[in-house]
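Take a look at the structure below.
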Amino acid sequence: MTEQYETYCMADRLFYDTPSQRPTRNPDFPIAARETPAEWAHEPSDTWMYYAPHEHNLPSQGWKIHVSSCLDDAERVLAAVWDYCAPRNLAFKFLRNQATMIMMNSKSAFRGSSGKLVTIYPPDETVFEKTLAELDVLLAGVRGPYILSDLRYADGPLHVRYGGFAERHCVGDDGVRTLALENGDGKLVPDVRGPIFALPPWITLPEFLAPHLAARTAVTTSDLPYEIESAFQFS
């Protein structure tokens, strides 16, 4: 599935259109009807609902928190994230409706971004660590897919990745315009979003995440009673 185009297949069974032109076909999650907090901005896109305080001083890039969820737990997750982030002035976004969530978790979805329901943008590593610890308690028992591009936090639905907050672009080695990060030399380089957790070479993993990386690395296929030669298909 091509990541840029599948969204426009949801508008109609016969016509290729912007989903927002046909909102009754795929209504938004009920939480989207909540009143936006005072002094906050709200911007909907075809895929996401964005929320951020007007006076936020986010860096252009940093550690993101992603929350995954199955369909049954989605509204609980959205309510918990809203109730946590709004009073703490933490910018966040979420997939705007169930149809988009199903699409983003389908077998043919882009593996570099599949699994995400919510993204939270902590302004610094201190807030990042605190937010993870507190949301881990609030979201105990939530079931959700593993986000392949991220590092999983503990054994719940929280995942993390270092990436861009602001939308910046550069030209990749393949000549295609792509989302970008600023490297240690101040140069824009591709913000790689692949199906495996990878830390940019100029970024140091926060110490509190070391046990979570160790837990991930400890999972191997060496004890399987057969040898893996190749994959029939990735999904």
Side-chain angles (χ1 to χ4, degrees), residues 2-5 7 18-20 32 36-68 78 81-82 84-96 100 104 110-132 135 147-151 153 158-206 209:
T2 304
E3 187 184 18
Q4 291 177 294
Y5 303 117
T7 302
T18 303
S20 57
T36 303
E39 306 301 323
W40 277 58
H42 164 48
E43 181 179 344
S45 73
D46 291 331
T47 304
W48 298 95
M49 291 290 196
Y50 294 85
Y51 296 85
H54 287 301
E55 298 300 325
H56 70 93
N57 295 307
L58 280 178
S60 57
Q61 60 195 50
W63 284 96
K64 304 178 182 183
I65 298 172
H66 294 127
V67 189
S68 68
L78 294 177
V81 168
W82 183 301
Y84 182 88
C85 291
R88 293 168 177 80
N89 280 340
L90 287 172
F92 64 97
K93 69 178 181 180
F94 58 83
L95 295 176
R96 63 181 302 164
T100 304
M104 295 289 280
F110 177 63
R111 296 200 303 147
S113 59
S114 178
K116 303 166 189 173
L117 173 61
V118 178
T119 303
I120 302 170
Y121 301 91
D124 56 52
E125 288 192 12
T126 300
V127 175
F128 173 54
E129 180 178 3
K130 181 179 180 182
T131 301
L132 282 168
L135 280 179
I147 300 175
L148 296 177
S149 61
D150 289 22
L151 174 64
Y153 180 86
L158 299 173
H159 302 73
V160 301
R161 185 180 81 86
Y162 189 93
F165 289 0
E167 187 173 323
R168 298 185 291 178
H169 298 86
C170 69
V171 177
D173 293 338
D174 56 2
V176 177
R177 183 173 179 263
T178 185
L179 290 168
L181 286 173
E182 185 178 315
N183 68 12
D185 298 324
K187 178 183 176 182
L188 290 180
V189 296
D191 184 0
V192 179
R193 306 178 187 206
I196 188 171
F197 174 68
L199 193 63
W202 65 92
I203 297 299
T204 301
L205 186 78
L209 288 178

Grab the two heavy atoms, one from L151 and one from F197, that are nearest each other, plus how far apart they are. N-CD1, 3.5 Å

Over all atoms of both residues, closest heavy-atom pair of V127 and P123: CG1-CD, 3.7 Å

In this structure, NZ of K116 is separated from CD1 of I65 (nearest 0.5 Å) by 13.5 Å

Check whether any side-chain heavy atom of W202 sits under 4.5 Å from a side-chain heavy atom of L181, and report yes or no. yes

Minimum heavy-atom distance S113-M104, with the two atoms named: OG-CE, 4.2 Å

Can you name the residues that form a side chain to side chain contact (heavy atoms under 4.5 Å, CB included) with E125, not counting sequence neighbours? W63, P206

With sequence neighbours excluded, what pairs up with Y162 under the side-chain hydrogen bond (donor to acceptor under 3.5 Å, both in side chains) test? Q61

Is there a side chain to side chain contact (heavy atoms under 4.5 Å, CB included) between I120 and L135? Walk through the geometry before answering. CA-CA 11 Å; I120 302 170; L135 280 179; 3.5 Å; yes

In this structure, CD1 of I196 is separated from CZ of R111 (nearest 0.5 Å) by 9.5 Å

Interatomic distance, CG@D124 vs CG@N57, rounded to 0.5 Å, equals 11.0 Å

Checking Y121 against L90 for the side chain to side chain contact (heavy atoms under 4.5 Å, CB included) test, could you report, in this order, the C-alpha distance in whole Å, the side-chain angles of both residues, the deciding distance, and whether it holds? CA-CA 6 Å; Y121 301 91; L90 287 172; over 6 Å; no

Residue pair S114 / L148, side-chain heavy-atom distance below 4.5 Å: no

Under 3.5 Å, sequence neighbours excluded: what are the donor-acceptor pairs made by side chains of residues 184-195?
| residue | atom | partner | partner atom | Å |
| --- | --- | --- | --- | --- |
| D191 | OD1 | R161 | NH1 | 3.0 |
| D191 | OD2 | G164 | N | 3.1 |
| D191 | OD2 | R193 | NH2 | 3.4 |

Search all heavy atoms of F165 against all heavy atoms of K64 and return the closest pair with its distance. CE1-CG, 3.5 Å

With E167, which residues qualify under side chain to side chain contact (heavy atoms under 4.5 Å, CB included), at least two apart? H169, L179

Would you check if the side chain of S149 reaches a backbone N or O of G112 as a donor-acceptor pair within less than 3.5 Å? yes

Pairs satisfying salt bridge (charged side-chain N to carboxylate O under 4.0 Å, His left out), at least one member in residues 51-62, at least two apart: none

Are more than 12 heavy atoms from other residues, nucleotides or ligands located less than 6.0 Å from atom CG of D174? yes

Test F94 against every option in T100, V67, L78 by the side chain to side chain contact (heavy atoms under 4.5 Å, CB included) rule and name the one that passes. L78

Excluding sequence neighbours, so at least two apart, what forms side-chain hydrogen bond (donor to acceptor under 3.5 Å, both in side chains) with S60? R168

Contacts of type side chain to side chain contact (heavy atoms under 4.5 Å, CB included), residue P37, not counting sequence neighbours: W40, W82, A86

Least distance between heavy atoms, L158 atom then L132 atom: CD1-O, 3.6 Å

Min side-chain heavy-atom separation L95-W48 under 4.5 Å: yes

With sequence neighbours left out, the residues meeting side-chain hydrogen bond (donor to acceptor under 3.5 Å, both in side chains) with Y84 are E134

Residue list, side chain to side chain contact (heavy atoms under 4.5 Å, CB included) with S68, at least two apart or on another chain: P145, I147, P157, H159

